[in-house]
Amino acid sequence: MRKPYVILIGSASGIGKSTIAAELAKTLNIKHLIESDFIRAVVRGIIGKEYAPALHSSSYDAYKNIRNKTQYTSYDDLVSAGFDDHAAYVIPALEKIIQRAITDYDDIIIEGVHLVPGLINIDQFKDYANIYFFILSSDEESHKERFVKRAVQIHRGGKQLDFFKENRIIHDHLLSQARANNVHIINSETIENTLEKILGIINKSCVTIKLINDVDDLEDVIDIIINQNNGTLEKITYNIKGFKEPLTRKIGVSDRESANKFIKKINEDKNKKEYLAELYRLSENRETTICASNPEKLNKIVEKLNYKGYVLHE
């Protein structure tokens with residue numbers, strides 16, 4: 001039998017993980033969608049407050065229950081430690097749910113703030129399931145806007161706004177843990193774009209083509225791949241004259257913010273731009289691996305790059 005899909009979507013409160021998880025479940029026709037908050041409620045019913053005060057707090061104020069607060073050198077470390085303590089009570093139950101889904105060959109999506117990279121042990125399931133772990137991120141302004149919108153629409157989120165600073169600390173802590181544990185970070189933009197980025201990893205369609213654009217065309221190339229089609233620039237290989245081994249750089253850029261920052265740095269730093277131009281001249285062309293959410297989207301990217309004259313035909 002095929003391996004079931006286990007898809008984990010974590011983020012700080014207010015980033016939009018519930019919406020994305022629901023849309024993903026609908027798109028992939030996965031019937032089992034679980035929120036970690038429901039599992040936390042069950043665990044709270046089993047473990048009393050006197051035994052686990054952090055569990056009976058919210059994720060953003062669990063730090064208040066840490067006894068020896070002086071051991072932490074910064075407020076960020078204190079809040080992060082309290083958050084990890086809070087999540088640690090929920091994670092064993094989440095792992096049991098994953099194990100049950102695998103045993104029953106059921107696809108499952110779990111979303112919630114308690115999915116902390118490095119705390120939840122996904123390696124134990126890799127031989128038995130197709131595991132995908134995503135942490136959603138957002139810039140501070142957009143994050144706050146989501147809290148305000150939710151508070152107005154459903155009269156919920158006001159308390160989290162009072163602890164917005166702590167929620168941002170948790171946000172940054174999750175990103176740090178994701179980087180340390182090779183978990184995918186997805187910048188949460190529109191629902192459509194975020195969903196397409198996730199599908200681009202789950203249903204990965206990739207191709208390697210040789211590009212011959214110059215440095216001044218790089219902004220247009222990135223715009224076609226990432227901004228227009230939500231693709232991913234995975235890897236670039238430079239075959240440099242006179243060198244036996246090629247120079248390979250893994251990029252893995254899929255979000256507009258990172259791509260635009262890179263272009264801005266190149267355009268503003270004359271030395272970096274000249275270095276890149278020299279690298280282009282030495283290599284003549286670049287074997288570039290591009291990925292997208294499906295073959296149709298991938299073909300669209302290649303066709304546009306070809307139309308612009310950026311693809312080498314041998």
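- Hydrophobic clustering places I98 together with L115 (ILVMFWY residues linked when any side-chain heavy atoms are closer than 4.5 Å, directly or through intermediates).
- K17 contributes atom NZ, which lies 15.0 Å from atom CD1 of I186 (distance to the nearest 0.5 angstrom).
- Under 4.0 Å is where a charged nitrogen must lie from a carboxylate oxygen, and between E257 and K261 at least one such pair does.
- Closest heavy-atom contact between L195 and I20: CD1-O, 4.2 Å.
- A side-chain donor-acceptor contact under 3.5 Å links D255 to the backbone of S258.
- Taken from CZ in R249 to CD1 in I236, the straight-line distance is 8.5 Å, to the nearest 0.5 Å.
- Atom CD of E35 is separated from atom NE2 of H114 by 11.0 Å, given to the nearest 0.5 angstrom.
- Side chain to side chain, N68 and T70 meet the donor-acceptor criterion of an N or O pair below 3.5 Å.
- Applying the side chain to side chain contact (heavy atoms under 4.5 Å, CB included) rule to K265 yields the partners K272; only residues at least two apart in sequence or on another chain are considered.
- T237 places none of its side-chain heavy atoms less than 4.5 Å from the side chain of T208.
- Applying the salt bridge (Lys or Arg N to Asp or Glu O under 4.0 Å) criterion to D107, with sequence neighbours excluded, gives R2.
- Separation of atoms CD1 (I225) and CG (L233) is listed at 5.0 Å; rounding is to 0.5 Å.
- The closest side-chain heavy-atom distance from H171 to S11 is not below 4.5 Å.
- No side-chain donor-acceptor contact under 3.5 Å links R40 to the backbone of L55.
- The environment of K69 atom NZ is dense: over 12 non-hydrogen atoms of other residues, nucleotides or ligands sit within 6.0 angstrom.
- Grouping the Ile, Leu, Val, Met, Phe, Trp and Tyr side chains by contacts below 4.5 angstrom, directly or via other members, places V221 with L279.
- With a 4.5 Å cut-off on side-chain heavy atoms, I222 and N260 do not count as touching.
- By the 4.5 Å heavy-atom criterion applied to side chains, P4 and D106 are not counted as neighbours.
- With respect to the salt-bridge test (charged N to carboxylate O, under 4.0 angstrom), the residues E303 and K300 do not qualify.
- What you find for V113 and V116 is that their closest heavy atoms are O-CG2, 4.2 Å.
- There is a path of hydrophobic side-chain contacts, each under 4.5 Å, that joins I266 to L282.
- Under the 3.5 Å distance criterion, the side-chain polar atoms of D214 are matched with a main-chain donor or acceptor of D216.
- Side chains of N230 and N193: a donor on one and an acceptor on the other come within 3.5 Å.
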>> Show, in sequence, the C-alpha distance, side-chain angles and deciding distance for R256 and N187, and conclude whether the side chain to side chain contact (heavy atoms under 4.5 Å, CB included) test is met.
In response: CA-CA 9 Å; R256 301 181 186 192; N187 185 36; over 6 Å; no
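- In terms of heavy-atom proximity, A129 sits nearest to V6 at CB-CG2, 3.9 Å.
- Both F125 and I97 sit in one connected hydrophobic cluster of ILVMFWY residues. Membership requires side-chain heavy atoms under 4.5 Å apart, directly or through other members.
- Surrounding CD of E245 are at most 12 heavy atoms belonging to other residues, nucleotides or ligands under 6.0 Å away.
- When every heavy atom of I201 is checked against every heavy atom of Y132, the shortest pair comes out as O-CE2, 3.9 Å.
- A salt bridge does not link D76 to R168: none of the charged nitrogens lies less than 4.0 Å from a carboxylate oxygen.
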>> Applying ring pair (Phe, Tyr, Trp, His ring centres under 6.0 Å) to Y238 and F243, what does each step give before you reach the verdict?
In response: CA-CA 10 Å; Y238 301 90; F243 288 81; over 10 Å; no
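- E111 contributes no side-chain N or O that, together with a main-chain N or O of I9, makes up a donor-acceptor pair within less than 3.5 Å.
- Between the side chains of N65 and H56, no donor-acceptor pair is found at a separation under 3.5 Å.
- Note that the CD atom of E219 and the CG atom of N267 stand 6.0 Å from one another [nearest 0.5 Å].
- For N181 (side chain) and V183 (main-chain N/O), no donor-acceptor pair under 3.5 Å exists by modelled atom type.
- Scanning all heavy atoms of the two residues, the minimum distance from A292 to L298 falls at CB-N, 3.7 Å.
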> Can you check side chain to side chain contact (heavy atoms under 4.5 Å, CB included) on E95 and N121, steps first, answer last?
Replying inline: CA-CA 8 Å; E95 291 178 348; N121 178 14; 3.6 Å; yes
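- For N130 (side chain) and K3 (main-chain N/O), a donor-acceptor pair under 3.5 Å exists by modelled atom type.
- Counting heavy-atom neighbours within 6.0 Å of K235 NZ, excluding the residue itself, gives a total of 12 or less.
- Side-chain atoms of F134 and K197, non-hydrogen and from C-beta on, never get closer than 4.5 Å to each other.
- Side chains of Y128 and Q99: a donor-acceptor N/O pair is absent below 3.5 angstrom, by distance only.
- Exactly one of E145, R146, H143 qualifies for a side chain to side chain donor-acceptor pair (under 3.5 Å) with S138. That residue is R146.
- The shortest distance between side-chain heavy atoms of L28 and Y5 does not fall below 4.5 Å.
- Linking ILVMFWY residues whenever their side-chain heavy atoms come closer than 4.5 Å, directly or via other members, leaves I198 and I290 in distinct clusters.
- No side-chain heavy atom of Y310 sits less than 4.5 Å from a side-chain heavy atom of K304.
- Electrostatic pairing of K204 and E234 counts as a salt bridge here, judged by a charged N lying under 4.0 Å from a carboxylate O.
- The two residues S13 and S59 make their nearest non-hydrogen contact at OG-OG, 4.4 Å.
- Residues satisfying the side-chain hydrogen bond (donor to acceptor under 3.5 Å, both in side chains) test with T27, not counting sequence neighbours, are none.
- Residues F83 and L174 are in side-chain contact: their nearest non-hydrogen atoms beyond the backbone lie under 4.5 Å apart.
- Residue D104 places its CG atom among more than 12 non-hydrogen atoms of other residues, nucleotides or ligands, all under 6.0 Å distant.
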>> Between I301 and V207, is the side chain to side chain contact (heavy atoms under 4.5 Å, CB included) condition met? List the steps.
In response: CA-CA 10 Å; I301 293 172; V207 67; over 6 Å; no
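- Note that the CG atom of N299 and the CG atom of N306 stand 11.5 Å from one another [nearest 0.5 Å].
- Checked by atom type and distance alone, the side chain of N285 never pairs as donor or acceptor with a backbone atom of I212 at under 3.5 Å.
- Cation-pi geometry between R286 and Y280 is met: the NZ or CZ atom falls under 6.0 Å from the ring centre, inside 45° of the normal.
- Heavy atoms of other residues, nucleotides or ligands lying less than 6.0 angstrom from CD of E141 number 12 at most.
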